[in-house]
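Below is one structure; the comments refer to it alone.
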Amino acid sequence: VMHKQESFRLRAALLLLAALLLACREKPRFAYDFEEKAILVELSWQCRTLYRLSSFHPTVGANSLEVTFYPTPKGDGESYPGLLFSGFDPNWTKSRRLIFDAFNPEENDIRLSLRIDDRKDPDYSGRFNAEILLHPGDNHIAIPFSELVSSGTKQPLNFASILKVALFLANPEESHVIFFDGLRLD
């Protein structure tokens, strides 16, 4: 009887150790240069969005991420086609800014939305939300952390716990293409 109890305890301890080791794995830093196809698997696909690596308009390395945002069919309600980044190291406390490059190949400005969550499923007022006007051509975006506050309470985000970053278009009436590169912290 004692042997079975010791065996059970040993197995339980090994399972606990394995779970702790898996939980403590280091997550990758928030940095995307879109040089490797493996990044395409890491992105969370959103409806009405297609993306691929492209050799057009890179600012870091040889590739950018070409994203096509499609409109919502009439009568289908609201849609937010875009990119969702998650699974990165949530601790941003050693950084000061969120930076990325976006190339707008169109003749008119495009309104890009940025959402940042510092906790699971916050409502609109409890997360960072912003519109970024992308002018035709190259756009270098650098957002100081001092500007990253919740939309409702204007409280600073918890930079030790950033869970998701989304780049999207809100209810586009027509298709748009944007090339992204050098998405990172500084």
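What you are looking at is a predicted structure, and each value in this text was computed from that prediction instead of being measured. Heavy atoms only: backbone and side chains are in, while hydrogens, waters and symmetry mates are out. Numbers here simply count residues along the sequence, with the first being 1.
- Ring geometry, Tyr32 versus Phe85: the interplanar angle falls from 30° to 60°, so the pair is classed tilted.
- Two different hydrophobic clusters hold Leu169 and Val177 under the rule that ILVMFWY side chains link at heavy-atom gaps under 4.5 Å.
- Nearest heavy-atom pair, Ser151 versus Tyr124, reported as atom, atom and distance to 0.1 Å: CB-O, 3.5 Å.
- To the nearest 0.5 angstrom, Ile110 atom CD1 is 11.5 Å from His135 atom NE2.
- Side chain of Ser79 to main chain of Pro81: no donor-acceptor pair is present (N/O by atom type, distance under 3.5 Å, no hydrogens or angles).
- Pro58 pairs with exactly one of Asn63, Leu53, Asp33, Asp181 by the side-chain contact (heavy atoms from CB on, under 4.5 Å) rule, that one being Asp181.
- Here the CG atom belonging to Leu183 is positioned 6.5 Å from the CG atom belonging to Leu167, to the nearest 0.5 angstrom.
- The side-chain heavy atoms of Leu133 and Arg111, taken from C-beta on, include a pair separated by under 4.5 Å.
- Asp118 and Arg127 are not joined by a salt bridge, as no carboxylate oxygen comes within less than 4.0 angstrom of a charged side-chain nitrogen.
- Between Ser64 and Phe34 the shortest side-chain heavy-atom distance does not fall below 4.5 Å.
- In terms of heavy atoms, Gly137 sits closest to Asn139 at O-ND2, 2.9 Å.
- With rounding to the nearest 0.5 angstrom, the OG1 atom of Thr68 is 11.0 Å from the NE2 atom of His176.
- Cluster annotation: Leu185 and Leu148 are assigned to the same hydrophobic cluster (Ile/Leu/Val/Met/Phe/Trp/Tyr, side-chain heavy-atom contacts under 4.5 Å, transitive).
- Residues Ile132 and Ile143 form a side-chain contact, since some pair of their non-hydrogen atoms from C-beta on lies under 4.5 Å apart.
- Remark: the backbone N or O of Ala62 is paired with a side-chain donor or acceptor of Glu35 at under 3.5 angstrom.
- Residues meeting the ring pair (Phe, Tyr, Trp, His ring centres under 6.0 Å) test with Phe88, sequence neighbours left out: Phe30, Trp92.
- Judged as a side-chain contact (heavy atoms from CB on, under 4.5 Å), and not counting sequence neighbours, the contacts of Arg119 are Pro122.
- Using a 4.5 Å cut-off on side-chain heavy atoms (C-beta onward), Leu40 and Leu65 make contact.
- No side-chain heavy atom of Ile39 sits under 4.5 Å from any side-chain heavy atom of Tyr51.
- Listed by chain and residue number, nothing satisfies the side-chain contact (heavy atoms from CB on, under 4.5 Å) test with Pro156 (two or more places apart in sequence, or in another chain).
- Residues Phe103 and Thr59 are not in side-chain contact: their nearest non-hydrogen atoms beyond the backbone lie 4.5 Å or more apart.
- Glu36 places none of its side-chain heavy atoms less than 4.5 Å from the side chain of Val41.
- Proximity of His140 to Ile99: side-chain heavy atoms (C-beta onward) are separated by under 4.5 Å at one or more points.
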